Amino acid sequence: MRFAPNPNGPPTLGSTRGIIVNSEYVKKYEGKFILRFDDTDTQTKRPMLEAYDWYIEDCNWLGAKPDEIIIASDRIPLYYEQARKLIEGGNAYVCFCESETFKKLKDAKEACPHRDTSPQENLEHWDKMLLGGYPEKSAVLRIKTDIMHKDPALRDFGAFRILKMPHPRQEVGDKYIVWPLLDFEGAIEDHLLGTTHIIRGKDLMDSEKRQTYIYKYLGWDYPITTHWGRVKMHEFGKFSTSGLRRAIEEGEYDGWDDPRLPTVRAIRRRGIQPEAVRKFMIDMGVGETDISISLDTLYAENRKLVEPKANRYFFVWDPVELEVTGADPCTANPPLHPTENRGCREIDVSTKVLVCREDVEKLTEGSKVRLKDLYNVEVTSMEPLQANYLNDAIESAKKEKMKIIHWAPVDGVPVKVLSPDGEFKGIGEKQITAELDKVVQFERFGFCRIDSVGKEVVAYYTHK
RNA sequence: GCUCCGAUAGUGUAGCACGGCCAAUCAUGCAGGACUCUCACUCCUGCGACUCGGGUUCGAAUCCCGAUCGGAGCACCA
């Protein structure tokens with residue numbers, strides 16, 4: 001089985017369906033998983049050099065290491081070879097119609113004047129095409145199907161066109177000017193690679209019908225195919241690779257792994273586990289129905305994985321200083337995890353702590369509140385915010401039904417959280433710096449992956 | 001315009017090939033409650049669907065026809 005993307009951008013959450021479902025079948029039936037780059041368009045969907053490695057990287061991350069990697073732009077001669085056979089057999093012809101003209105003829109079920117050119121003459125045209133004898137857009141090789149076919153989508157389709165823009169890969173460069181179109185390239189590759197089963201999007205349903213003509217002419221058997229419907233994500237609007245690229249270039253996003261983007265790199269950076277993505281995609285199945293899904297399900301899956309592993313820390317966003325009188329400086333020891341016995345953090349507390357502004361707004365003079373894992377206080381002044389130490393006992397906090405809020409030491413480390421909904425800035429415990437690249441839970445905030453540490457900690461928001 | 005697909009709770013999904021075991025599965029979501037030194041976790045309880053209309057049949061989510069709605073293809077894009 002294969003997954004055949006055009007590397008004109010990084011893999012997205014949408015791509016993972018193809019990667020995961022195909023590789024899952026391969027695992028189940030001990031087949032072979034091929035990653036094939038369909039990179040034969042140097043112009044409209046121009047490949048992006050970095051994206052080749054991104055696909056490989058992301059496949060591996062998703063637990064779908066390809067057994068073989070094929071790059072179509074390395075294999076152009078193979079396609080030429082088959083094209084020649086088709087021309088010789090009278091099953092393909094060089095068409096000089098302008099696309100508009102051809103479309104009109106095709107819609108009227110009329111053959112174009114070049115359709116009945118002899119194979120001999122077509123071979124001459126073809127050779128001339130390959131040698132650069134025709135300008136761009138002046139000639140195209142078409143596969144003969146049935147010009148009278150009731151479905152206009154299946155009437156004589158294009159197989160090769162002339163494109164003088166060089167390929168971005170150095171190995172290829174300007175080596176070719178005649179490039180295969182998807183239906184042709186894919187058809188040949190699927191046979192050459194011994195593909196037995198194809199699972200792909202519904203939009204390629206007609207491809208199968210078109211490609212079947214090629215298989216018939218060449219005497220090959222078409223693989224077994226299944227198609228899935230369109231997937232939309234509630235959280236992400238419409239996005240196109242080219243649109244995203246522009247937005248990134250204009251600085252609207254920080255890069256291809258900006259947490260607001262649906263790319264695999266972005267969700268990985270946010271601490272989504274590959275197993276969660278796999279489960280999510282496999283549960284989705286391969287129905288032909290068009291679906292619109294919510295990431296909540298993916299997050300729920302991820303939470304199950306991350307919840308037992310993530311250490312807990314205090315992070316106070318939008319901090320306000322609270323001065324506590326009557327308490328000696330001390331050290332608080334909140335547990336790293338509420339149920340897994342992993343020991344405690346150590347936080348040195350002076351006579352001041354930081355608390356969230358949104359918690360402060362719910363307080364008034366006289367409010368009693370428990371600073372989690374520290375002590376109970378009673379607010380004596382709102383501005384500046386001051387409180388009196390009451391006692392340490394959690395029991396009295398419970399008895400008086402005090403609100404329990406979290407806090408951070410005044411000498412904590414600055415933390416910046418990047419999330420799909422924007423940026424949060426605040427102060428966290430120093431110990432967070434030991435969690436680089438790990439997913440932690442900021443209590444009463446949510447799960448985050450610690451992306452970098454230094455003078456400031458940068459965390460990427462995972463989910464609640 | 002022509003052609004091709006599809007339709008089960010808010011969202012996904014199982015069931016449909018071979019009609020009865022479906023008063024319809026599971027997950028997520030939502031609501032209420034218990035637990036908890038987090039708004040996380042866990043545990044209870046509850047909510048909620050076979051698109052519509054015909055037909056075949058003793059019996060239809062399942063088979064047939066039609067309608068409606070949704071999606072896709074008809075590129076010198078993938």
Side-chain angles (χ1 to χ4, degrees), chain A residues 4-9 37-41 43-47 72 95 97-100 102-103 106-107 109 136-142 149-155 157-163 178-183 185-186 200-210 227-232 234 241-242 279-280 282-285 287-301 303-304 306-308 310 312-315 334-335 337-340 358 370-376 393-395 397-398 402-406 441-447 463-464:
Chain A
N6 174 9
N8 63 336
F37 292 106
D38 285 350
D39 60 343
T40 58
D41 178 14
Q43 209 160 41
T44 319
K45 291 192 176 169
R46 193 171 169 74
C95 173
C97 294
E98 284 191 16
S99 61
E100 286 292 307
F102 183 82
K103 182 175 163 48
K106 181 205 67 189
D107 286 345
K109 299 190 181 176
E136 227 171 60
K137 301 244 172 196
S138 68
V140 53
L141 186 77
R142 282 186 197 290
H149 200 287
K150 64 172 181 170
D151 184 349
L154 301 187
R155 299 175 199 153
F157 62 93
F160 285 88
R161 78 325 200 159
I162 302 169
L163 231 44
V178 175
W179 293 92
L181 269 340
L182 174 76
D183 280 335
E185 180 266 328
R200 60 184 165 200
K202 232 164 87 173
D203 50 325
L204 264 26
M205 261 178 162
D206 286 337
S207 279
E208 169 169 1
K209 293 178 188 155
R210 283 191 286 261
H227 299 93
W228 55 58
R230 227 171 76 131
V231 186
K232 264 194 233 161
H234 294 333
T241 308
S242 50
K279 179 95 181 1
F280 180 62
I282 290 165
D283 281 356
M284 208 154 83
E288 285 192 19
T289 322
D290 298 313
I291 53 174
S292 181
I293 48 163
S294 158
L295 252 29
D296 282 345
T297 317
L298 173 65
Y299 294 158
E301 224 47 81
R303 195 176 293 117
K304 284 179 202 163
V306 129
E307 208 280 331
R312 271 50 174 177
Y313 291 99
F314 290 148
F315 158 61
H337 194 279
T339 53
E340 315 272 316
E358 62 181 66
R370 164 126 188 125
L371 298 174
K372 189 171 185 287
D373 300 302
L374 188 60
Y375 43 57
N376 309 323
I394 178 67
E395 290 73 21
K398 280 185 182 171
M402 291 181 202
K403 272 253 178 282
I404 297 167
I405 62 171
H406 68 293
Q441 189 198 42
F442 289 148
E443 299 200 36
R444 304 211 299 145
F445 182 76
F447 293 93
H463 46 64
K464 196 143 207 50

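Lettering follows sequence order; numbering is per chain, from 1. Since we're looking at a predicted model, the values are computed, not measured.
In this structure, A:Phe280 places its CZ atom 14 Å from P of B:U11, rounding to the nearest Å. Distance CD1 (A:Ile282) to P (B:G12): 19 Å, rounded to an integer number of Å. If you measure from atom OH of A:Tyr299 to atom C1' of B:U11, you get 15 Å, rounded to the nearest angstrom.
Of the possible donor and acceptor atoms, none in the side chain of A:Arg161 sits under 3.5 Å from a partner among the backbone N and O of A:Ala139. Using modelled atom types, one side-chain atom of A:Asn6 and one backbone atom of A:Lys45 make a donor-acceptor pair closer than 3.5 Å. Without hydrogens or angle criteria, A:Asn376 side chain to A:Ala393 main chain gives a donor-acceptor distance under 3.5 Å. In this structure a side-chain-to-backbone donor-acceptor pair under 3.5 Å is missing from A:Arg210 to A:Gly158. A distance-only check finds a donor-acceptor pair linking the side chain of A:His406 to the backbone of A:Phe315 [under 3.5 Å]. A:Asp183 places no side-chain N or O within donor-acceptor distance of the main-chain N or O of A:Ser207, the cut-off being under 3.5 Å. Looking at A:Arg155, its side chain does come within 3.5 Å of a backbone N or O of A:Lys106 through a donor-acceptor pair.
Comparing B:A24 with B:G32, their C1' atoms sit 26 Å apart, to the nearest whole Å. Straight-line distance between the C1' atoms of B:A67 and B:A23: roughly 29 Å, to the nearest whole Å. Distance noted for atom C1' between B:G48 and B:U13: 15 Å (whole Å). With both ends at atom C1', the span from B:A14 to B:U8 equals 10 Å, rounded to whole Å. With both ends at atom C1', the span from B:G12 to B:G29 equals 11 Å, rounded to whole Å. Using C1' as the reference atom, B:C47 and B:G55 are 35 Å apart when rounded to the nearest Å. Rounded to whole Å, the P atom of B:U62 lies 14 Å from the corresponding atom of B:G54. Across B:U11 and B:C52, the matching P atoms stand 15 Å from one another, rounded to whole Å.
Applying the 6.0 Å contact sphere to CD of A:Glu340 captures more than 12 heavy atoms from other residues, nucleotides or ligands. Annotation: A:Lys109, atom NZ; neighbour count of heavy atoms from other residues, nucleotides and ligands within 6.0 Å is above 12.
Side-chain contact check for A:Asp206 versus A:Asp151: some heavy-atom pair is nearer than 4.5 Å. Within the 4.5 Å cutoff, the side chain of A:Arg303 has no heavy atoms near those of the A:Gln441 side chain.
Looking at A:Arg312 and A:Glu307, a side-chain N of the basic residue comes within less than 4.0 Å of a carboxylate O on the acidic one, giving a salt bridge.
Looking at heavy-atom distances under 4.0 Å, A:Ser207 makes no contact with the nucleic acid at all. Among the protein residues, A:Leu182 comes within range of the nucleic acid bases, having at least one heavy atom under 4.0 Å from a base atom.
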Where protein sits on nucleotides 64-76 of chain B, one letter per nucleotide: B base, S sugar-phosphate only, - none, heavy atoms under 4.0 Å: ------BSSBBSB

task: Produce a footprint string for nucleotides 28-46 of chain B: one letter per nucleotide, 5' end first; B if the base is under 4.0 Å from any protein heavy atom, S if only the sugar-phosphate is, - if neither.
output: S--------BBBBS-----

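For B:A24, the base is anti relative to its sugar; the glycosidic angle deviates from 0 by more than 90°.
Helical stems in RNA chain B, defined as runs of 3 or more consecutive Watson-Crick or G-U wobble pairs with both donor-acceptor distances under 3.5 Å, are listed by first residue as B:1-7 with B:68-74, B:10-12 with B:26-28, B:29-34 with B:42-47, B:51-55 with B:63-67.
Closest to the side chain of A:Ile293, out of B:A78, B:C77, B:U11, is B:U11.
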